[in-house]
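Sequence positions, counted from 1, serve as the residue numbers for this chain. The shown structure was predicted, so the numbers you read here are calculated from the model rather than taken from an experiment.
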Amino acid sequence: MAYVAVKGGREAINAAIERLKYERLKKGGILDVNDVEAGLRGLIDQVMSEASLYDETLAALAVKQAEGNQDEVVFLLRAFRSTVPRKYYTRVTQSDTIDVERRISASFKDIAGGQILGAAHDYTHRLIDFDLMDEANRPEEITQWLESFEKRADSDQAAAELKLPKVVDYLKKEGLMLDYENNDDEPKDITMQPLTFPTSRSERLQILTRGQAGAVSALAYASLRGFGMVHPTVGELRVGQLPVYVDPPYLSDAGEDDSYFLGSVRITETESIIPVTVKQPDGSSKQKLEFGYGICFGQNETKAIAMSILDRCLEKKGEYPTNNEEFVLYHIDSVESSGFLSHLKLPHYVTFQSELDAIRKNNKKENEDDR
């Protein structure tokens, strides 16, 4: 595609960048990165998931730089991620090792360990709290409340120390869940290799967890409304800290006891349960349960549930758009979609002029034929 050079373009671009900086600073408040990290937890978690980069401080810096523009934040974080060398791969981690902070089930009222509500907006009144307007002017009151809460939390059994069994394990023991053999094939890294179809389940889950939260939720909602016909029950939703380990580079046959603990990442995991009809060898049908899976960085509960729905849609195949892996996987990436839409702002002078010429010639020809 050709572009017409615009005289004075560099000066105009520099002036536009200066104006952008002015718009960020003109109200006199300079955001501290620590304040962004402390006060915008939901946004930080969301962009870390979409960027596939777990770094809360770096995410907060990107939020400040992009002035909260989520697509721009993800772009910045992915650009940085592409410059970071990959020195190690972590050991395969079982999600039942999560240190649970929040854990609920919509399938069973009574579960081992109980329902742990944790921190969630689900139980709030969803009304604007105008007391937050002057919260910064009440530091002593806030400090006292924090100290009181932390004392109460210390006196209770710490949820972060709980290792709880999975709800779907009960159903597996009853023989109600479909069984699959473990797949130990090395997963394809979709950030290092081009996407080809058909995809494996590990590729689909990688793309879904990087997907734009609104896009993933919209397609899952479409499935719930009938465009995919997957309406699950949340077997279990967990939020907690997932420990991460790496093997020492000097041991080729390192075992679990040889690994090093690097730290923990907060994740949200969802296992949704879906009834399915299974054909038996004798031609009869039998009811079983299947589950869709969702997991992502941070506390991203709606996205994790939406992932579990689309996971099942793409496994199921079918005639609906949400069963089409190319349709779903190509259209949920925020960087890809926003980048392609934003390119329409670039000069298209030559192509548009050619379209105008074609329309004018066509109209002129039709007018002459009418005479």
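Hydrophobic clustering, with ILVMFWY side chains joined whenever heavy atoms are under 4.5 angstrom apart, keeps Tyr245 apart from Leu262. Ile295 is connected to Tyr54 through a chain of hydrophobic side-chain contacts under 4.5 Å among Ile, Leu, Val, Met, Phe, Trp and Tyr, so both are in one cluster. Val47 is connected to Phe80 through a chain of hydrophobic side-chain contacts under 4.5 Å among Ile, Leu, Val, Met, Phe, Trp and Tyr, so both are in one cluster. A chain of hydrophobic side-chain contacts below 4.5 Å, direct or via other Ile, Leu, Val, Met, Phe, Trp or Tyr residues, connects Phe197 to Leu208. Criterion: ILVMFWY side-chain heavy atoms under 4.5 Å apart, direct or through other members. Under it, Tyr221 and Ile274 are not part of a common hydrophobic cluster.
Counting only distance, with no hydrogens or angles, the side chain of Asn323 and the backbone of Cys313 share a donor-acceptor pair below 3.5 Å. Ser217 contributes a side-chain N or O that, together with a main-chain N or O of Ala213, makes up a donor-acceptor pair within less than 3.5 Å.
At a threshold of 4.5 Å between non-hydrogen side-chain atoms, the residues Asp258 and Asp247 do not count as touching. The side-chain heavy atoms of Lys303 and Ser49, taken from C-beta on, include a pair separated by under 4.5 Å. With contacts defined as side-chain heavy-atom distances shorter than 4.5 Å, the pair Ser337/Gln212 does not qualify. Considering only heavy atoms from C-beta on, Pro248 comes within 4.5 Å of Tyr260 through its side chain. With contacts defined as side-chain heavy-atom distances shorter than 4.5 Å, the pair Asp55/Arg81 does not qualify. Residues Glu203 and Leu195 form a side-chain contact, since some pair of their non-hydrogen atoms from C-beta on lies under 4.5 Å apart. When side chains are defined from C-beta on, Leu20 does not count as touching Arg24, because their heavy atoms never get closer than 4.5 Å. Counting heavy atoms from C-beta outward, Lys288 and Met177 have side chains that stay 4.5 Å or more apart.
Judged purely by distance below 3.5 Å, without hydrogens or angles, the side chains of Lys188 and Ser200 never pair a donor atom with an acceptor atom. Looking only at atom types and distance, the side chain of Thr268 has no donor-acceptor partner in the side chain of Glu301 under 3.5 Å away. In this structure, a donor-acceptor pair under 3.5 Å is present between the side chains of Glu269 and Tyr293. With 3.5 Å as the limit, one finds no donor-acceptor pair spanning the side chains of Gln115 and Ser105.
Tested against Ser52, the residues Arg78, Arg210, Gln206 include a single side chain to side chain contact (heavy atoms under 4.5 Å, CB included) partner, Arg210.
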